[in-house]
Amino acid sequence: MKRTHHCNELRPDHVGQTVTLCGWVHSRRDLGGVIFVDIRDREGRTQAVFDPSDLPPETFHQAEALRSESVIRVAGQVRRRPAGTDNAKIPTGAVEVMARELAVLNLAEPLPFQIDDPEAAAKVNEEMRLAYRYLDLRRPEMIRNLRLRHKVATATRNYFDEQGFLEVETPMLFKSTPEGAREFVVPCRTNPGLFYALPQSPQQFKQILMVAGVERYFQLAKCFRDEDLRADRQPEFTQIDVEMSFIDREDIYATIEGLLKRVWKTALGVEIPTPFKRLPFVEALNRFGIDKPDLRFGMELGDLTEEFRRSAFKVFSGAVANGGVVKALNAKGLACATQGQIQAMTDIATGFGAKGLAFIKVENGEWKSPIVKFFGDAEKAALTQKLGIEEGDLILFAAGEWLTSCEILGKIRLFAADFLKQQGRLNIPPGRFEFLWVVDFPLLSFDREQNRWYSSHHPFTAPVAEDISLLKTDPKRVRGQHYDVVVNGVELGGGSIRIHQPDVQKAIFEDVLQIPPEVAKARFGYLLEAFRYGAPPHGGIALGFDRLIAILCGTPSIRDVIAFPKTAKGTCLMTDSPGAVEPKQLRDLYLELKGPKKE
RNA sequence: GGGGGCGUAGCUCAAUUGGUUAGAGCGCUGCCCUGUCACGGCAGAGGUUACGGGUUCGAGCCCCGCCGCUCCCGCCA
């Protein structure tokens, strides 16, 4: 006998019908004479009533013996609840099922942790939740996350289908490309001594698909990176991967804005305004000290380089003389910061290599600071005017190299915002989303240790056309056709217009990145060759799907939106992976263990 | 690789500055209860304080090591 309804379906309209429900015992309330059982499935829950005056004794005894989370099937008649006993907390609360038959499909043992009380369940250790993930996922909050993930995946596929994209699967077994993230390697039995690597992204395949004439590609692609984990980083994760031919940056912006509009509408019923703001990289750093600014609050950085160029305060004027800058941040209302908080901010600064963190507390109409005695009246006036200084403010300074100075204050800006949020002085409504494109990234960054240039994004990124002549003369100033999409201080994704001319690509590899020709050929030869046989101009983007879902679910950790995530050490507490392999498996792979073997 | 936090009953947490027999709520077991919905009442069981050392008359508490979880830095083209 199959179920006739799910557990969030019965309403007063169903009164009189004989129904069968299947699900888990959410809770049992045994009043001695009558027993109430809430039967729950993924849709919701419904109350069943077991009345001894109306039932065979065996059935009633079975109901007495039920335990939480047992799986049962209940058949009976729907009836209106007696007056005054409705439960307004659940959608089925106006009715109940008068049980006639009960089948215990699986009698559950006492659970390692309770899942019926949402507040208690939310506090259970993550270790416990991961070890018994199948119990954790029964909680309505978790099934809601899985459902929302599914809805967004479906909306994504529908959207790209409507836009003429093809979803193409690319290989999981690829080869090692040592640039970039550390890879998971997979020994290849049929080619002893050789290894596959799991892709850190389908980057090269999707470009090849453009050469193949696919024109519009997307994929919900699994990617793998053997790097240390974070709340927003798992060793395997999912990207919405996109590539298009015969387009420029504007086409990517429009396509992704359309996608996010659809996704937000589907998931949250919210209309997000498009087009998104555009912010050049340099401006993002100058104003917010970070390349993924959170625009939900102000506290922008000020530039005081000119004001302090000839200052008596040698730390500032010296920094300017060395080609550096003087930047300042007004942490509004934070003059009350404790010694410990000032120290925490100083630690942020010293972590970036600064010698210290200069500050001014504006309290009782006075500037309290170890450095203010070096400031002239003009400098004070400029500070007051540029930073809008008022009573109760805390001013923080960074002087030195431009990027570092901006980044220091960018971190402190976020620290100050967190502090204000904790104090309830900065309120950001949970439904607020500030999207933007960060554009005009530098194509190249310089590695001081290795004394060479490396790609800020990846080596396939095309330079901005008018900057190409600078590649050899002034690489630092070359902008890449790279873009990031950012929401609320989170990098949702990034991409670029690619190089599609083999000579330009070869020049980037060999002349700029100083990759020896034979190495470039071994790693990327097939791509360079493909570009010789008719490569369309193309570009693309990849969005972090797990992060996207986490934002929509309002959770800080992507583990909450992945059905079976790994711990911070990359293990699975439920299956106990990774695990050892049999000696025979190693022999088949021509492998020998040298390190300590874990049993 | 580095830094911070946590680990006490099945779960969530207490336990005065190092001091008697390590407590509570929930869950579990038994009994009572015919309109509950976090049902209620009574009674009971349940502990190698993650693990291994050390200091001390005495350690859940202090020290060293180790394991696990977590957050951050490095890392993530």
Side-chain angles (χ1 to χ4, degrees), chain A residues 26-40 45-54 60 67-69 79 81-90 92-93 96 98 109-132 135 177-183 200-201 203-204 223-235 237 344 347-348 350-352 411 414-415 443-445 447 453-461 480 482 491 494 496 508-509 513 515 523-524 544 556-557 559 566-571 573 576 598:
Chain A
H26 184 75
S27 78
R28 185 178 55 105
R29 297 173 295 279
D30 184 344
L31 272 65
V34 66
I35 300 171
F36 299 98
V37 172
D38 280 357
I39 180 166
R40 185 198 74 238
R45 57 189 219 244
T46 302
Q47 175 166 282
V49 191
F50 293 82
D51 186 339
S53 64
D54 204 23
F60 190 74
R67 276 201 292 250
S68 282
E69 297 304 310
R79 76 168 184 195
R81 290 196 187 193
T85 64
D86 284 13
N87 183 358
K89 291 180 193 165
I90 55 174
T92 62
E96 62 192 6
M98 286 292 293
E109 292 182 17
L111 266 47
F113 58 92
Q114 290 166 252
I115 61 173
D116 56 337
D117 180 349
E119 272 182 48
K123 283 166 73 183
V124 172
N125 256 318
E126 197 163 7
E127 201 170 347
M128 190 67 56
R129 294 172 49 203
L130 290 174
Y132 298 94
L135 297 181
T177 52
E179 304 250 342
R182 189 182 298 115
E183 298 159 315
Q200 40 182 307
S201 82
Q203 182 62 36
Q204 292 166 55
C223 305
F224 305 86
R225 291 179 190 174
D226 185 12
E227 298 290 351
D228 285 347
L229 280 63
R230 291 281 191 283
D232 62 350
R233 275 163 32 187
Q234 284 273 305
F237 61 99
D347 290 344
I348 291 170
T350 52
F352 274 91
K411 291 271 188 207
L414 294 177
F415 179 93
L443 183 71
L444 301 159
S445 307
D447 184 335
W453 295 95
Y454 65 93
S455 299
S456 304
H457 181 45
H458 62 49
F460 315 112
T461 304
H482 167 50
E491 182 193 326
S496 61
I508 294 278
F509 282 146
L513 301 178
I515 299 172
R523 277 183 208 165
F524 307 112
S557 167
R559 290 189 298 271
K566 307 268 191 293
T567 68
K569 278 230 174 99
T571 65
L573 297 177
D576 203 21
K598 285 195 174 172

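So you know, we letter chains A, B, ... as the sequences are listed, proteins then strands, and number each from 1.
Side-chain contact check for Phe352(A) versus Lys411(A): some heavy-atom pair is nearer than 4.5 Å.
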Do nucleotides 33-40 of chain B as a string where each nucleotide becomes B, S or -: B if the base has a protein heavy atom under 4.0 Å, S if just the sugar-phosphate does, - if no protein is that close.
BBBBBSB-
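For Arg182(A), the salt bridge (charged side-chain N to carboxylate O under 4.0 Å, His left out) criterion is met by Glu227(A), not counting sequence neighbours. Applying the side-chain contact (heavy atoms from CB on, under 4.5 Å) criterion to Ile35(A), with sequence neighbours excluded, gives Arg28(A), Asp30(A), Val37(A), Phe50(A), Phe60(A), Ala63(A), Glu64(A). Every side-chain contact (heavy atoms from CB on, under 4.5 Å) that Ser456(A) has, sequence neighbours left out, goes to Pro442(A), Ser445(A).
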Starting from the C-alpha separation in whole Å, work towards a yes-or-no answer on side chain to side chain contact (heavy atoms under 4.5 Å, CB included) for Arg225(A) and Phe237(A).
CA-CA 9 Å; Arg225(A) 291 179 190 174; Phe237(A) 61 99; 3.7 Å; yes
Could you go step by step and tell me if Arg29(A) and Gln47(A) meet the side chain to side chain donor-acceptor pair (under 3.5 Å) rule?
CA-CA 10 Å; Arg29(A) 297 173 295 279; Gln47(A) 175 166 282; 2.8 Å; yes
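Taking atom CD on Glu127(A) and atom C1' on C71(B), their separation rounds to 15 Å, with Å as the unit. At whole-Å resolution of the value, CZ in Arg182(A) and C1' in G74(B) are 11 Å apart. U70(B) atom P lies 7 Å from atom CG of Leu130(A), rounded to whole Å. Straight-line distance from the CG atom of Asp232(A) to the C1' atom of C73(B): 14 Å, rounded to whole Å. Following rounding to the nearest Å, Asp226(A) (CG) and C75(B) (P) show an atom-to-atom distance of 16 Å. Rounded to whole Å, atom P of C75(B) lies 10 Å from atom CZ of Arg233(A). Atom pair Leu229(A):CG and C72(B):P shows a separation of 11 Å (rounding to whole Å applied). One can place CG of Leu135(A) at 17 Å from P of G27(B), the figure rounded to the nearest angstrom.
At a threshold of 4.0 angstrom between heavy atoms, the contacts of Ala121(A) with the nucleic acid are absent. Nucleic acid contact for Ala120(A): none, since no nucleic acid atom lies under 4.0 Å from a heavy atom of the residue. Residue-level contact check: Glu179(A) touches the bases, meaning some heavy atom is under 4.0 Å from a base atom. Counting any heavy atom pair closer than 4.0 Å across all strands shown, Leu573(A) reaches sugar-phosphate atoms only and no base atom.
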Enumerate, atom names and distances included, each donor-acceptor pair closer than 3.5 Å involving a side-chain atom of residues 111-119 of chain A, sequence neighbours excluded.
residue, atom, partner, partner atom, Å
Asp117(A), OD1, Glu119(A), N, 3.1

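Side-chain N/O atoms of Arg67(A) include one lying less than 4.0 angstrom from OP1 or OP2 on U29(B). Phosphate proximity of C11(B) to Lys123(A): absent, as no side-chain N or O sits under 4.0 Å from OP1 or OP2. Residue Thr571(A) places at least one side-chain N or O closer than 4.0 Å to OP1 or OP2 of C69(B).
Across G35(B) and G40(B), the matching P atoms stand 15 Å from one another, rounded to whole Å. Spacing of P atoms, C64(B) relative to C6(B), comes out at 15 Å, to the nearest Å. Atom name C1', nucleotides U12(B) and G7(B): the rounded distance is 13 Å, in whole Å. The gap from the P atom of C62(B) to that of U8(B) amounts to 15 Å, rounded to the nearest Å. C31(B) and A14(B) have their P atoms separated by 35 Å, given to the nearest Å. For the P atoms, the distance linking G74(B) with A9(B) amounts to 37 Å, nearest Å. Comparing G53(B) with C66(B), their P atoms sit 15 Å apart, to the nearest whole Å. Distance check on atom C1': C26(B) versus A38(B) gives 10 Å, rounded to whole Å.
Figure legend. G30(B) is base-paired to C42(B); pairs are counted as Watson-Crick or G-U wobble with both atom distances under 3.5 Å. If you check G65(B) for Watson-Crick or wobble pairing at under 3.5 angstrom, you find it paired to C51(B).
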Do any N or O atoms of the protein come closer than 3.5 Å to N or O atoms of nucleotides 2-10 of chain B, and which pairs are they?
residue, atom, partner, partner atom, Å
G10(B), O2', Pro112(A), O, 2.5

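Looking only at distances, no side-chain donor or acceptor of Asp86(A) sits under 3.5 Å from a matching main-chain atom of Ala88(A). Side chain of Thr46(A) to backbone of Ile39(A): no donor-acceptor contact under 3.5 angstrom is found.
Glu126(A) and Ser557(A) form no side-chain donor-acceptor contact under 3.5 Å, judged by distance and modelled atom types alone.
The environment of OH in Tyr132(A) is sparse: at most 12 heavy-atom neighbours from other residues, nucleotides or ligands sit within 6.0 Å.
Between Ser455(A) and Arg230(A), the residue whose closest nucleotide on RNA chain B is further toward the 5' end is Arg230(A).
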